[in-house]
Amino acid sequence: MLKIENVNLFYGAIHALHDISFHVAPGEIVTLIGANGAGKTSILHAISSLIPYRDGEVIFSGKKLKKLPAYEIVNMGLAHVPEGRRVFGRMTVKENLDMGAYTRHDTKETHADMQRVFQHFPRLKERRGQLAGTLSGGEQQMLSIGRALMSRPKLLMMDEPSMGLSPILVSEIFSIIREINQEGTTVLLVEQNAHMALSVANRGYVLETGRVVLEGAAKALLNNSEVKRAYLGTA
Amino acid sequence: MILFLNQLINGLHVGSIYALIALGYTMVYGIIKLINFAHGDILMIGAYTIVVTISFMGWPIAVAIIVSILACVLFGVVIERFAYKPLRSSPKISSLITAIGVSMLLQNGAQLIFSPNPKPFPILLNAPPLNLGPLQISFTTILTFAVAIISMISLQGFVSTFKMGKAMRAVSEDMDAAQLMGINANHTITATFAIGCGLAGVGALLYCMAYPTVSPTLGSLPGIKAFIAAVLGGIGIMPGAMLGGFILGIAESLTKGYISSQLSDAVVYGILIIVLLFKPAGLLGKSVSEKV
């Protein structure tokens, strides 16, 4: 479904991503884990065309994304929940969700999808008239995910959905990620919380300073001694 | 009391013009964080278009008005496309200096074409003033106020109901996130310039009906006043620009009526300084605190 081939990305003279290659198959949850600065967010930004990369290809549903502007990519069925939520704070919850469906013209089905988002996140329904900037961190994260779902994506990319949330909210968010996946959406999950990410994912890739250093089934990675030592905090 | 009411009405008159122009500043700032110093000169473009089409070519007033607003829109869009867009990813100071350059280009261009000598603005309407007891309200004042209010309400309606309007708000809050929603930021920015400059075109018309001489530097003074209005209300926030415009207009005309005409600008700048000392983001700035 999504294939990344030898992507190299530079910030000025800094070589941030080295020959990154990985793939996501339909129906999977794939996670990219790694420490701060490993290049996880840069990969998602490259896929979404938010930053240009020097060489390599990103292929989604058989199409190369490299030359496409960022705003055309969501239309192909690829949605991106950015790091730090990035909700539109001076717009209401409902308006944020409307923005998520910006490219759609099927009013009826869009409405049905909004009801589905409200089922996943009843809190958003209660607060649909409230300005997004006044929501709590967890609610903003829910809104950010809900907003991305409004485009009815085939593949949902999420950047650090657990960041800054309380442990209870983190497990709530992760169970919703599982639900979304079971409804048929493929998920690419970027996380620092390696334990949580690997426990919901099918497969994982471990990144270190812009390189993929390890890959495998999520269960295998959870039991890998190196991963345990470096990312899970257990020996 | 009569003096007060008269000055209040004058203040609302000039304030509604400032508010319309301030909206253009604030919308452009909101979306690309640029103080468009050429915005005042768009007024001058609108005013000369009226002079040329009516006084020289004898077109019907209604047609001339539409053409002059379209001229403002066209100039705004072209300026954005060729002067600001190439600099979108360079440091803000580059675009700021470019904006000053564009302003000079427009003023000097107008001087070259129309000479620096002021030209009379044609009389667009001749209606008797409205008498309310001892108060006399000119028809121009009523028209100005009505046109400004209708424009502002339509704009508010547009940005809160229409998809493009909501997209403008989304891009002005977070351009990257808006693009992830599938919003074409370039189109949205073009639309913002078009609307902002269209409002300046309306503002030009109303301004010249009040002060009917047209010169190449016509836009400087209302431009700077409107900019102050936008900052006073909280730059980037549309209701702030309207509020700022009205406050400025009323303060100015009350000062003229009660203290002295020469002090009116000093009072306006004084209000700005005091407001910024206590509310650096402007009157309506940062009314929503974002949790992180």
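In what follows, every chain begins at residue 1, and chains take the letters A, B, ... in the order their sequences are listed.
Contact residues of residues 153-172 of chain B toward chain A are Ser160(B), Lys163(B), Met164(B), Lys166(B), Ala167(B), Arg169(B), Ala170(B) (heavy-atom distance under 4.5 Å). Contact annotation for residues 158-193 of chain A against chain B (heavy-atom separation below 4.5 Å): no residues qualify. At a heavy-atom cut-off of under 4.5 Å, chain B is reached by Met91(A), Glu95(A), Asp98(A), Met99(A), Gly100(A), Ala101(A), Tyr102(A), Thr103(A), Arg104(A), His105(A) from residues 91-123 of chain A, listed in order of number. Identified by a heavy-atom distance below 4.5 Å to chain B, the contributing residues of residues 65-80 of chain A are Ala70(A), Tyr71(A), Val74(A), His80(A), in residue-number order.
For His23(A), the NE2 atom is densely surrounded, since the number of other residues' heavy atoms within 6.0 Å is greater than 12. Surrounding NZ of Lys279(B) are more than 12 heavy atoms belonging to other residues, nucleotides or ligands, all under 6.0 Å away. In this structure, Phe278(B) places its CZ atom where only 12 or fewer heavy-atom neighbours from other residues, nucleotides or ligands lie under 6.0 Å away. No more than 12 heavy atoms of other residues, nucleotides or ligands lie within 6.0 Å of CZ in Phe75(B), so this atom counts as exposed by the packing criterion.
Here the side chain of Glu173(B) pairs a donor or acceptor atom with the backbone of Arg90(A) at under 3.5 angstrom.
Contact of the Pro82(A) side chain with the Asp176(B) side chain is not registered, since no non-hydrogen atoms from C-beta on lie closer than 4.5 Å.
Smallest separation of non-hydrogen atoms from Arg147(A) and Ala177(B): NH2-CB, 4.3 Å.
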